[in-house]
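Reviewing the structure listed below.
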Number of protein chains: 2
Amino acid sequence: MAQTDTVTRILDTAEVLFAERGFAETSLRTITSKAKVNLAAVNYHFGSKKSLIQAVFARYLDPFTERFHLALDDLEARHRGGTIPLEELLETMARTVLEVPAERNSLKVFMRLLGLAYSQAQGHLRRYIQEEYGSVFTRFTELVRQATPELPDAERFWRLHFVLGTVIFTLSGLDALRDIAEKDYGEHVSVRDLIRRLRPVVVAAMQAPLPDPLPAALSQGA
Amino acid sequence: MAQTDTVTRILDTAEVLFAERGFAETSLRTITSKAKVNLAAVNYHFGSKKSLIQAVFARYLDPFTERFHLALDDLEARHRGGTIPLEELLETMARTVLEVPAERNSLKVFMRLLGLAYSQAQGHLRRYIQEEYGSVFTRFTELVRQATPELPDAERFWRLHFVLGTVIFTLSGLDALRDIAEKDYGEHVSVRDLIRRLRPVVVAAMQAPLPDPLPAALSQGA
DNA sequence: CCCGGTTATAAACAGCTGTTTCAAACGTAG
DNA sequence: CTACGTTTGAAACAGCTGTTTATAACCGGG
């Protein structure tokens with residue numbers, strides 16, 4: 001099947017180029033020439049560049065959401081009725097995130113794509129991801145809510161995004177950071193090593209004491 | 001002075017457009033038309049689009065580094081010889097970051113630009129920022145080192161980047177996150193409110209227990 | 001006044017962008 | 001083998017990109 005071959009060759013090439021340079025900075029001609037595929041093939045198989053971008057994400061996120069749902073099913077079954085400890089929830093998410101791209105190119109590409117989806121404007125992408133994969137995230141946050149009943153809803157919301165920021169920022173800028181770290185400490189860090197370092201930090205962040213309440217006199221400040 | 005007027009009008013317009021859409025997605029024609037300035041003015045006053053981008057950053061980072069150096073001078077003077085507590089260091093940095101853009105457009109733009117500098121490829125930008133403003137960051141990290149003698153160097157390095165990720169990610173994606181938070185909790189968050197929430201999380205992250213050492217059997221994993 | 005350097009303007013430049021077109025090659029079912 | 005739907009191929013499309021050019025307007029000092 002030469003067709004499938006073309007499609008996957010485009011996806012394989014596109015995902016690493018997107019991850020390296022961003023979406024706008026990667027032209028279809030760069031992709032197709034590096035993939036040894038005709039320029040028109042992208043529009044023929046995907047319809048447009050936008051759809052290509054979404055297809056690249058779908059190839060990661062489809063198996064991820066499927067596995068994550070299964071993992072959460074399993075977790076809920078093993079804690080029948082009771083609430084799942086926060087650390088187990090975080091552990092499960094981390095494990096699932098690691099599993100999916102392990103079979104494919106690399107975690108680095110996956111994380112960099114996630115980072116781009118956030119930081120790069122690309123309104124259509126954020127909408128697509130929210131509509132297509134928002135439900136898993138909703139399910140996860142609900143479980144986190146049950147695991148941290150002492151946190152006010154707003155506080156938990158922000159803290160989840162704080163740690164999300166840490167993870168995406170770190171793993172998506174991994175190459176640059178790794179270069180600096182290697183230059184400063186001569187020590188090469190693997191992704192697993194980084195996750196090991198991340199765990200206590202994330203847990204501590206979620207369990208940090210509540211902030212001082214806003215002094216009423218200042219609550220209208222800029 | 002019509003010249004200064006043109007230059008600042010370009011910078012004012014460029015910084016918000018860059019922050020909104022990214023660098024590659026913002027054309028010179030979009031900038032100049034919205035700034036009511038001739039297209040050639042950018043190349044005349046700045047030389048190239050790259051230099052325009054750097055100039056946008058310089059207008060934030062020049063006063064920031066100056067103030068931050070002064071604030072650190074003051075901090076060192078008040079702790080003559082002794083080490084400065086971590087919380088004071090973080091507090092000082094936060095205050096300086098808040099001060100600079102307060103006089104100008106907004107913190108949001110500043111943070112979004114910082115986020116772009118990291119996430120957007122734009123190799124020239126990272127190099128420029130590193131060469132031009134790396135020294136303040138080096139000075140700051142050295143003070144953090146003295147304030148956290150119990151942390152191994154590598155661990156401190158990574159934790160600093162973890163919290164940097166939290167802050168940049170949160171504040172640069174603030175608009176989107178604020179929309180979600182408002183929809184979910186009806187509660188409008190100000191930047192100062194967010195900083196208040198960030199503080200205990202950042203402190204807890206820096207003071208989290210050390211990670212379990214790598215099991216030797218697994219240390220060669222992916 | 002008028003000159004000389006600085007700034008503004010409009011037009012054109014070559015190059016790259018995503019997309020479309022249409023003809024050729026392909027592979028398979030009748 | 002023939003016919004047909006699918007996939008490839010090369011070329012062209014209009015539009016936008018950053019940059020350059022040449023000309024005009026400005027404006028303070030001699």
Side-chain angles (χ1 to χ4, degrees), chain A residues 1-59 113 116-117 120-125 127-128, chain B residues 1-59 113 116-117 120-125 127-128:
Chain A
M1 246 170 236
Q3 145 214 13
T4 298
D5 214 47
T6 300
V7 168
T8 57
R9 206 153 61 236
I10 290 176
L11 286 173
D12 287 343
T13 313
E15 72 173 22
V16 354
L17 288 178
F18 285 154
E20 281 174 0
R21 330 177 175 186
F23 305 115
E25 295 87 346
T26 305
S27 73
L28 293 184
R29 282 172 177 79
T30 309
I31 296 173
T32 52
S33 75
K34 188 157 286 188
K36 292 197 213 309
V37 153
N38 189 272
L39 167 63
V42 169
N43 287 278
Y44 175 76
H45 287 288
F46 297 93
S48 67
K49 187 180 181 181
K50 278 186 184 180
S51 308
L52 207 214
I53 296 176
Q54 296 178 358
V56 165
F57 274 85
R59 207 164 56 142
L113 289 175
L116 285 179
Q120 208 113 336
Q122 297 284 6
H124 74 96
L125 227 195
R127 254 175 284 125
Y128 169 77
Chain B
M1 242 168 244
Q3 146 216 10
T4 298
D5 214 49
T6 299
V7 168
T8 57
R9 206 153 62 236
I10 291 175
L11 287 173
D12 286 344
T13 313
E15 73 173 21
V16 354
L17 288 177
F18 284 154
E20 281 175 1
R21 331 179 174 184
F23 305 114
E25 294 88 347
T26 306
S27 73
L28 293 184
R29 282 171 176 79
T30 310
I31 296 173
T32 53
S33 76
K34 188 157 286 188
K36 293 197 213 310
V37 152
N38 190 273
L39 167 63
V42 168
N43 287 277
Y44 176 75
H45 287 288
F46 297 94
S48 68
K49 186 179 180 180
K50 278 186 185 180
S51 307
L52 206 216
I53 297 176
Q54 296 179 357
V56 165
F57 275 85
R59 205 163 57 142
L113 288 175
L116 286 179
Q120 208 113 338
Q122 296 286 4
H124 74 95
L125 227 196
R127 255 176 283 124
Y128 169 78

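Chain A is the first sequence line, chain B the second, and so forth, proteins listed ahead of strands; every chain is numbered from 1.
- The heavy-atom pair separating Phe23(B) from Lys49(B) by the smallest distance is O-NZ, 3.0 Å.
- Of the possible polar contacts, one joining the Ser33(A) side chain to the Arg29(A) backbone as a donor-acceptor pair under 3.5 Å is found.
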* Given the rule in the side chain to side chain contact (heavy atoms under 4.5 Å, CB included) test, do Leu52(A) and Asn43(A) qualify, once you have shown the distances and angles that lead to the verdict? -> CA-CA 9 Å; Leu52(A) 207 214; Asn43(A) 287 278; over 6 Å; no
* Given the rule in the salt bridge (Lys or Arg N to Asp or Glu O under 4.0 Å) test, do Arg59(B) and Asp12(B) qualify, once you have shown the distances and angles that lead to the verdict? -> CA-CA 10 Å; Arg59(B) 205 163 57 142; Asp12(B) 286 344; 2.9 Å; yes
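- Summarising the geometry, the separation between CG on Leu17(B) and P on dG18(D) is reported as 12 Å, rounded to the nearest angstrom.
- Here the side chain of Thr30(B) pairs no donor or acceptor atom with the backbone of Thr26(B) at under 3.5 angstrom.
- Closest of all the heavy-atom pairs between Ala35(A) and Thr13(A) is CB-OG1, 3.2 Å.
- Rounded to whole angstrom, the span from the CG atom of Asn38(B) across to the P atom of dT7(C) amounts to 14 Å.
- The OH-P distance, from Tyr44(B) to dT23(D), rounds to 17 Å in whole Å.
- Atom NZ of Lys50(A) and atom P of dG18(C) are 13 Å apart (whole Å).
- Comparing dA10(D), dA10(C), dT19(C) by their nearest atom to the side chain of Ala40(A) picks out dA10(D).
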Kindly give the atom pairs (protein nitrogen or oxygen, nucleotide nitrogen or oxygen) under 3.5 Å for nucleotides 14-17 of chain D.
unit_1  : atom_1 : unit_2   : atom_2 : d
dT17(D) : OP1    : Ser27(B) : OG     : 3.0

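- Not one N or O on the side chain of Lys36(A) forms a donor-acceptor pair closer than 3.5 Å with the backbone of Arg9(A).
- Here the P atom of nucleotide dA22(D) and the CG atom of Asn43(B) are 16 Å apart, to the nearest Å.
- OP1 or OP2 of dT6(C) has not a single side-chain nitrogen or oxygen of His45(B) nearer than 4.0 Å.
- Arg9(B) places its CZ atom 14 Å from the C1' atom of dT9(C), with the value rounded to the nearest Å.
- When rounded to the nearest whole Å, the span between CZ of Phe46(A) and P of dT7(D) equals 12 Å.
- In this structure, Asp5(B) atom CG and dC27(D) atom C1' are separated by 16 Å, rounded to whole Å.
- Within the structure, a side-chain polar atom (N or O) of Thr6(A) is placed less than 4.0 Å from OP1 or OP2 of dT8(D).
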